[in-house]
Amino acid sequence: MPVETTATELTSADTEQQSDSPPTDSTPADALPINELFYSLQGEGRLAGVPSVFVRTSGCNLRCWFCDSYHTSWEPTHAWQSVDDIVDEVETHDADHVVLTGGEPLIYDAAVDLLERLDELDYHVTVETNGTIYRDAPIDLASISPKLASSTPTPDRLPAGVDDANDTNPNETTSDAVAAWTERHEDDRIDLDALTDLVETYDSQLKFVVTDESDLKEITDLLERLRARTTTSIPNSDVLLMPEGTTRDALDEHRNQVAELALTHGFRYTPRLHVDLWDDAAGR
Ligand SMILES: C[S@@+](CC[C@H](N)C(=O)[O-])C[C@H]1O[C@@H](n2cnc3c(N)ncnc32)[C@H](O)[C@@H]1O
Ligand SMILES: Nc1nc2[nH]cc(C(=O)O)c2c(=O)[nH]1
Ligand code: SF4
Ligand SMILES: [Mg+2]
C-alpha cells in the first residue's frame, strides 16, 4: 500500500489560509471549507447521468486558467463545516452516489475523515482530483484529471475573473497574481508518483481537458510514461477526452473536434452533460 504523498510541499496557503475566512479556534479539527453542496446529475466521465450529491471543497494547489470553479481556486470562498454537518446535509438528498470535488479536495486531511464516514454509510463515492496528491481512503472511483501544459495560466491566458481595470476590490485577482502562479502551476501540475499510486490503488479514470489537437501528444506521452511505471493496466477505455468549455456556446465550438480526436486515438469521449443541460447555471 503506497504511503500518502503530495506532489508538492503543501503550504498553509493551500489549506488554512485559502481565503479571507480561515478556520478559527472554534472550527472543529475535522472541518472542511465547503464552497457548495448540491444534488445533480454527474455530468462527466463514466458515471455521467447518475444522480449524485456533490460536495465541493474550496482551495486548490493549482491554478488552471480555465478553472470552471473559480471560487474554489483563484478566489476561494467557503464556510467551514464539520464532517458531521456535511454528512447530515448529504443525507437530506435521496441518492446513493456522492461526488467529492473542489478545488482540490485531497489537499485536506479531513477529506479522508469524510470519505470514511461516507463509506460507512455505503455511498458510492467518486473523488474528482487533479492527480497531484495521493491519499489512502475509501474511494470507489478516482476521477483523475491531470493538467496539461495548455492549462497553465499566462499573461495571454488569464482566468475569466481577472479585471485589472476595476481594481477597487483588494481581493480581486490581478494579472500580477496570475503571473506569480505560472511557474508554480507548471512545476506542480504533474506528479508521476501520485498518479501511479492513484491508478494502482483505486478504480480510476483519467479525464483530460482538451483545448485543441496540440494537447494529444502530451496525453499520449504521459500515458506512455505512466504505463511504463506500473503493471496495473490502464486501458484506453479508462482514458477520457473532455472538451474545455464552461458554457454551451464554448462547447458547441469544439466538442466535435474533441470527439474526432477520441475516435482517432481510441480514447473515450466524455460530454459535459451538466453544461449541455443547464449551461453555466450555479449549483448544477
Ligand atoms: C473544478 S475541477 C475540481 C477537481 C480537481 N481540482 C480537478 O481539476 O480534477 C472538476 C473537473 O472540472 C474540469 N474542468 C475545470 N475547468 C474546466 C473547463 N473550463 N472545461 C472543461 N473541464 C473543466 C477539471 O479538469 C475536473 O475534471
Ligand atoms: N453536474 C456536475 N457534474 C460534475 N462532475 C464533476 C464536476 C466537478 O465540478 O467536479 C461536476 C459539476 O460541477 N457538476
Ligand atoms: S486543478 Fe481543478 S480546481 Fe484546481 S484550478 Fe485546475 S480545474 Fe480548478
Ligand atoms: Mg464542475
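Ligands are counted one by one from 1 in listed order, and the atoms in each one are counted from 1 as well. Starting from 1, each residue takes its place in the sequence as its number.
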Handout entry: Candidate pair Asp238 and Arg46, rule salt bridge (charged side-chain N to carboxylate O under 4.0 Å, His left out), full reasoning
Key = CA-CA 8 Å; Asp238 286 343; Arg46 72 159 87 128; 3.4 Å; yes
Handout entry: First-shell residues of ligand 1 [heavy atom, distance under 4.0 Å]
Key = Glu44, Phe66, Cys67, Asp68, Ser69, Thr101, Gly102, Gly103, Glu104, Glu128, Thr129, Asn130, Ser145, Lys147, Lys207, Val209, Met242, Pro243, Glu244, Gly245, Thr246, Arg272
Exercise for the section: Count the heavy atoms belonging to other residues, nucleotides or ligands that lie under 6.0 Å from CD of Glu91, then report whether that count exceeds 12. Expected result: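 It does: Glu91 CD has more than 12 such atoms within range.
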Handout entry: Crowding at CG, Asp221 (>12 non-hydrogen neighbours, <6.0 Å)
Key = yes
Exercise for the section: Could you pull out all residues at least two apart from Phe208 that satisfy ring pair (Phe, Tyr, Trp, His ring centres under 6.0 Å)? Expected result: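 Ring pair (Phe, Tyr, Trp, His ring centres under 6.0 Å) check on Phe208 returns nothing, list empty.
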So, are [X] and [Y] salt-bridged, with charged N and O less than 4.0 Å apart?
{"X": "Asp276", "Y": "Arg272", "answer": "no"}
{"X": "Asp109", "Y": "Arg135", "answer": "yes"}
{"X": "Glu224", "Y": "Arg227", "answer": "no"}

Exercise for the section: Count, excluding waters, the protein N, O or S atoms that are closer to atom 8 (Fe) of ligand 3 than 2.8 Å. Expected result: 1
Exercise for the section: Give a yes or no on whether the backbone of Ala281 and the side-chain of Asp279 come within a donor-acceptor separation of less than 3.5 Å. Expected result: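 No, because the side chain of Asp279 does not come within donor-acceptor range (under 3.5 Å) of the backbone of Ala281.
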Handout entry: Under the side-chain hydrogen bond (donor to acceptor under 3.5 Å, both in side chains) test, residues paired with Thr154 that sit two or more places apart
Key = none
